Number of protein chains: 2
Amino acid sequence: MNSTEPMEPIFDHFENYIEVSNELKSELTKRIKEVHFRKSELVLDANTICTKSYFISEGILRTYFIKDGLEITEYFSASYEWVNSPKSFILKQKDIYYIDAIENTTAYCLEIEDLMYLFDHFPEMERYARLSMGSVFGHLMERITSIRFTSAKDKYEHFQKTYHDIYHRIPLGMVASYLGITQETLSRIRAEK
Amino acid sequence: MNSTEPMEPIFDHFENYIEVSNELKSELTKRIKEVHFRKSELVLDANTICTKSYFISEGILRTYFIKDGLEITEYFSASYEWVNSPKSFILKQKDIYYIDAIENTTAYCLEIEDLMYLFDHFPEMERYARLSMGSVFGHLMERITSIRFTSAKDKYEHFQKTYHDIYHRIPLGMVASYLGITQETLSRIRAEK
DNA sequence: ATTACTATTTGATCTATGTCAAATAATCAT
DNA sequence: ATGATTATTTGACATAGATCAAATAGTAAT
């Protein structure tokens, strides 16, 4: 079996946090399968419990919710990151978040049951989850600071840094709602540079 | 030995996420010790690596950083929560956050080395950490939403909900910097109700 | 108790950003 | 390609909240 090659980016990702044994690799390979989404395709419906986690290899997904009839972007996710609806996924309950594809996207899908199996049989997976959540935690704290005390322009610059590989591929309206400013303001900020 | 009683709130906290064996209880009891801080006392200096995590049993701690010479509150922590400087604690490096006591505070202190020992010998501790971080994660996401799209008044109301047990014990200036609004605005909001 | 210091309130402006509206520009479907 | 949606830009105006300044109120130290 030579099909482990596409799994390399996932293994690399894990190896930022833990050592990945061959046994774990083979379990991961067995349980993770490739999926594709086309641009605009819905990945997760908010009226649904999120039972899958996706590791993106190509493309961009957007997590958003609806407020007063408008789509508000919670965050964007790009290559080599896991995406799911965190509370829904962990607590097996519905949450407000939709996920869709901003571009045609290739990802690796892991079901919650399989993840639970891995947690139960590979304690290092628990450690991986704890450590990787720690780094996400740091990003959230940074983002909170960036939102609280900065002008619309500074927010946009922070966004460009955070998403420097992909920011130019994201429609203006989605960026504006992510930043909590209006499209018009964002458009003017872009224009003046 | 009958001194395990004051540890009960900690055990209860853990039992929200995992089962706590007697063996784990005795290890926790051995490794956690009670500490006290007086009002205004510095708990963590930003020029320092955070090596301790505190579980508060009484009082309020404040995590803040300095921006343009001003103290900006990152968050408040009250009874039955763990406090540390997350990135500093996990990555053993300096970060920007100070922690001090808003009131006289009693807490239980766990050193990072002891925590690491527990992670290594009790896989359920890894699971506890993963799950409890998950719920903190949810709060951060909520807070981000609350900051992005609401008026100063709504922010203050969200703050009151989040900290309903303690919000009235926190000085106005600290609340204002937590919310990212000026003291004057906050004062006016309070007045009009 | 009295003084000094710190925190909060109140008032008068000012400004960044929102809102509403309309004009372009870009993208999509036939 | 052509027309129909949809996204972005531009303009005029409104406003929440910031800033600056000064008056109270509250707290702590002698």
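Below, read A as the first sequence line, B as the second, and so on, with proteins coming before strands; counting in each chain starts at 1. All figures in this text were calculated on a predicted structure; none of them were measured in a lab. Just so it is clear, the values below take in all heavy atoms, side chains as well, and ignore hydrogens, waters and symmetry mates.
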For this session: Say whether A:Thr73 and A:Ser177, considering side chains only, have a donor N or O and an acceptor N or O under 3.5 Å apart.
Result: yes
Exercise. To the nearest angstrom, how far is A:Gln183 atom CD from D:dG11 atom C1'?
Worked result: 16 Å
Problem set entry | Close approaches to DNA chain C from residues 168-177 of chain B, in residue order (heavy atom, under 4.0 Å) | B:Pro171, B:Leu172, B:Gly173
Exercise. How are the rings of A:Tyr80 and A:Phe55 set relative to one another: parallel (under 30°), tilted (30 to 60°) or perpendicular (over 60°)?
Worked result: tilted
Exercise. Could you give the CZ-to-P distance, from A:Arg38 to C:dC28, as a whole number of Å?
Worked result: 13 Å
Exercise. With a 3.5 Å cut-off and no angle check, do the side chains of A:His13 and A:Glu15 form a donor-acceptor pair?
Worked result: no
For this session: Kindly state whether the ring of B:Phe76 and the ring of B:Tyr163 have centres lying under 6.0 angstrom apart.
Result: yes
For this session: For A:Ser132, check side chain to side chain contact (heavy atoms under 4.5 Å, CB included) against everything at least two apart and list the hits.
Result: A:Tyr17, A:Tyr128
For this session: Go through the structure and list residues passing ring pair (Phe, Tyr, Trp, His ring centres under 6.0 Å) with B:Tyr117, not counting sequence neighbours.
Result: B:His121
For this session: Would you check if there is a donor-acceptor pair between the side chains of B:Ser53 and B:Asn84 at a distance under 3.5 Å?
Result: yes
Close N or O pairs between protein and nucleotides 15-21 of chain D (under 3.5 Å):
| residue | atom | partner | partner atom | Å |
| --- | --- | --- | --- | --- |
| D:dG17 | OP1 | B:Ala152 | N | 2.7 |
| D:dA18 | OP2 | B:Thr182 | N | 3.4 |
| D:dA18 | OP2 | B:Thr182 | OG1 | 2.9 |
| D:dA18 | OP2 | B:Thr185 | OG1 | 2.5 |
| D:dT19 | O4 | B:Arg188 | NH2 | 3.3 |
| D:dC20 | N4 | B:Glu184 | OE2 | 3.1 |

Problem set entry | A:Arg130 to B:Phe119, cation-pi by 6.0 Å centre distance and 45° axis angle | yes
Exercise. Do A:His158 and A:Gln160 meet the criterion of a side-chain donor-acceptor pair at a distance under 3.5 Å?
Worked result: no
Exercise. Looking only at side chains, do B:Arg148 and A:Tyr178 share a donor and an acceptor under 3.5 Å apart?
Worked result: no
Exercise. The helix from C:dA1-D:dT30 to C:dT30-D:dA1: angle between its terminal axes, five pairs each, to 10°?
Worked result: 60°
Problem set entry | Gap between atoms CZ and C1', on B:Arg148 and C:dG18 respectively (whole Å) | 17 Å
Problem set entry | Residues B:Glu111, B:Arg31: salt bridge by 4.0 Å N-O rule | no
Problem set entry | Between A:Thr185 and A:Thr182: side-chain donor-acceptor atoms closer than 3.5 Å | yes
For this session: Measure the shortest side-chain to side-chain distance between A:Leu179 and A:Tyr156 over non-hydrogen atoms and say whether it is less than 4.5 angstrom.
Result: yes
Protein-nucleotides 22-30 of chain D N/O pairs under 3.5 Å:
none

